[in-house]
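Written below as structure tokens is the structure these notes are about.
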There are 2 protein chains.
Amino acid sequence: MAAGAGVSKGTASLALSGADGPSAATRARVADVAARLGYRANRPATLLARRRTHLLGVVMQVRSGYHAELVDHVQAAAEVAGYEMVLSPVTRTHDEERAVTTLLDGRCEALLLLGPELAVRRLEELAARRPVVAVGRRTSARAVDVVRSADDDGVALVVEHLAALGHRELALVGGGSGAIARDRRRGFERAGARTGTRGRLVAGGTTEEAGAAAVRSLLRTPGRADLPTALLAQTDLVALGVLDALADVGLAVPGDVSVTGYDDSPLARLRRVDLTSVDQGAQAQAVAAVTAAVERLDGGRTTRAEVVLGPRLVVRGSSGPPRSAAAGRPRGD
Amino acid sequence: MAAGAGVSKGTASLALSGADGPSAATRARVADVAARLGYRANRPATLLARRRTHLLGVVMQVRSGYHAELVDHVQAAAEVAGYEMVLSPVTRTHDEERAVTTLLDGRCEALLLLGPELAVRRLEELAARRPVVAVGRRTSARAVDVVRSADDDGVALVVEHLAALGHRELALVGGGSGAIARDRRRGFERAGARTGTRGRLVAGGTTEEAGAAAVRSLLRTPGRADLPTALLAQTDLVALGVLDALADVGLAVPGDVSVTGYDDSPLARLRRVDLTSVDQGAQAQAVAAVTAAVERLDGGRTTRAEVVLGPRLVVRGSSGPPRSAAAGRPRGD
DNA sequence: TTGAAAGCGCTAACAA
DNA sequence: TTGTTAGCGCTTTCAA
């Protein structure tokens, strides 16, 4: 290739990478020969020889639609920043640790972990070696940058929306012990106090079935008269379970009960589901995550960054005024 | 690292890779030092030095849930075969051509393309350089192996299921000019002839909205009396649109009209959707695709392989006997 | 502005 | 069984 253009290997390398040195004429000649030969640099060789790789490693849950969306935007943001994204999926046979190891071995300069579930001490070990950004999840790991949306505010938006519709009895469905669940619970409680609504918590997991089970347990509770008029599910998937269980017992949504989800996943947008939900802003998170990594790599930042983005309420057909409120008001307001 | 164990670099390399040569004692010592130092081989260097990379490149549509499922299984199958999977996602900023280029530059030994949309001549160019497997999509490209499920048989399964329920008037919704659509149409027509059902085609795309539009156009057709009693959507997503449009006009499913989808995506499994669909067997396709690649790489196969897997009907709540059949039979059969 | 040469961290062939 | 050596295909100094 270099021989074909009558220049040395080194000059060809400079010409192709666009570095300054070679004259315009040489540049053109090299580009020409390269194109004619279909020349492409050997990636491993380039990566080995270069001082820096400009590789951003991303660990994603391959089955997660939300992660897919993030990855899409990270890819774009990385390119703008002059980096290349390398994907390492968590699958049935490759857990998160393995995914991270693959990226490290591949000489990625920074790690973007989507919804990481690694132990805090492991995160800290990693962060000691290179920039680590946790996306979508709070972590106490020092030196790990965090990009997430304000889960408490997100739930608060929902509570305020429901309160404005006239709901007074709310229930938060789902939970668990994670940081996300904790934040959402806190937002729920504070917003409840602020809006004068009564809120209760109903245990539940993160699956459709868990949502359905939560509703069934709620219906078994004595004093059915003061059932909540609105159910806030912690994720869209849980909300689907809630919707199912309500349909099973003949309760209308939003007539008898309003239901909301969280994530604004493609599911929520389906007309058949039409779920009021909370958009966490995948693009903004992706951009912030790439920015955080690049700031450490090129900007010399060494202090911890925590970027908390504002969520956005997306109102759809699954939430409406409660029966009592509708009855108590003049028709057609 | 080699120094630490008191052996040469070469011996250490052999010991770590498990090749035979080093004695058990040396092996242990090297493993020990490596573990203590947290030594990990530099991937680009390894890839550059090795004769073979044992890398299987996979191009996927990052937003596709079906591709995600395939990737999950490909990862597992590749590992069993002694290969490593490298993912190259198609995103908003990286088209399929770019995704392929990335894999080629990275010295992948074979390419698994999920639902490829590259031109036939481009596929042939690629296949001239290394094994290429098209997954889920027929192609006339010579030398490109194909792994797909029998789309005609899949639709035929649905037709037979509906015919057995008593349906006589069917409609296939969706289509387009692709190979997949063509196969499904053919299966629809042949199975229709075989089962004595009358089938019509309703144009439609591959989105939810297209499904809804198809139903609306069908309802505008004069002679509403002989509307089809069952609608076969070409994908689950299209089926969702169909379900919505039917609900809009107050037609019950499956009471008034039965609806079926295709893909058996997570969507179809949602209880709120509960869609009769066709499972294409992601795991079997993944295994077949990896096998095809490995046969060429290690088995010396040079003839084209086309693996056509049998789809599986998954009956759910969206299909049932037509009103007329139900009325014509004794109650409770 | 260019060429020559060293070296990135490994593997693999060959000698010992 | 082990050490030595020569690359793998690039990038990046340093001289010219």
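Hydrogens, waters and symmetry mates play no part in the numbers below; they use all other heavy atoms, side chains included.
- No side-chain heavy atom of B/R98 sits less than 4.5 Å from a side-chain heavy atom of B/V90.
- In this structure the side chain of B/L113 reaches within 4.5 angstrom of the side chain of B/V100, judged on heavy atoms.
- Over its full length, the helix from C/dT1-D/dA16 to C/dA16-D/dT1 turns its helical axis through 40°, comparing axes from the five pairs at each end and rounding to 10°.
- Look at CZ on B/R27: it is 9 Å from P on D/dT1, rounded to the nearest Å.
- A donor-acceptor contact closer than 3.5 angstrom links the side chains of B/Y83 and B/D298.
- On the nucleic acid side, DNA chain C has its first and last nucleotide under 4.0 Å of a heavy atom of chain B at C/dG9 to C/dA13, going 5' to 3'.
- Here B/T26 reaches the OP1 or OP2 of D/dT2: one of its side-chain N or O atoms lies under 4.0 Å away.
- For the side-chain contact (heavy atoms from CB on, under 4.5 Å) with A/V59, the lone residue among A/H67, A/E96, A/E97 that qualifies is A/E96.
- For B/D263 and B/Q280, the side-chain atoms include at least one donor-acceptor pair closer than 3.5 Å.
- The residue B/T11 sits close to a base: some heavy atom pair falls under 4.0 Å.
- Within a 6.0 Å sphere centred on CZ of A/R92, other residues, nucleotides and ligands contribute more than 12 heavy atoms.
- Distance NZ (A/K9) to P (D/dT13): 15 Å, rounded to an integer number of Å.
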Requested in this report: Step by step, work out the side-chain contact (heavy atoms from CB on, under 4.5 Å) result for A/H94 and B/E79.
Outcome: CA-CA 10 Å; A/H94 280 56; B/E79 183 159 19; 3.2 Å; yes

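- As a whole-Å value, the separation of B/D105 CG from D/dG9 P is 14 Å.
- The interatomic distance linking A/R43 (CZ) with D/dC8 (C1') rounds to 16 Å, in whole Å.
- The heavy-atom pair separating B/G178 from B/R137 by the smallest distance is CA-NH2, 4.2 Å.
- Within 6.0 Å of CZ in B/R304 there are more than 12 heavy atoms belonging to other residues, nucleotides or ligands.
- Of the residues in residues 44-56 of chain B, B/A45, B/T46, B/A49, B/R50, B/R51 come within less than 4.0 Å of DNA chain C through at least one heavy atom, sorted by number.
- In plain terms, the two heavy atoms of A/E109 and A/P131 that are nearest each other are O-CD, 3.4 Å.
- Counting to the nearest Å, the P atom of D/dT11 and the CZ atom of A/R107 are 13 Å from each other.
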Requested in this report: Dump the intermediate steps for side-chain contact (heavy atoms from CB on, under 4.5 Å) on B/E69 and A/R63, then the final yes or no.
Outcome: CA-CA 7 Å; B/E69 207 177 333; A/R63 303 258 191 171; 3.1 Å; yes

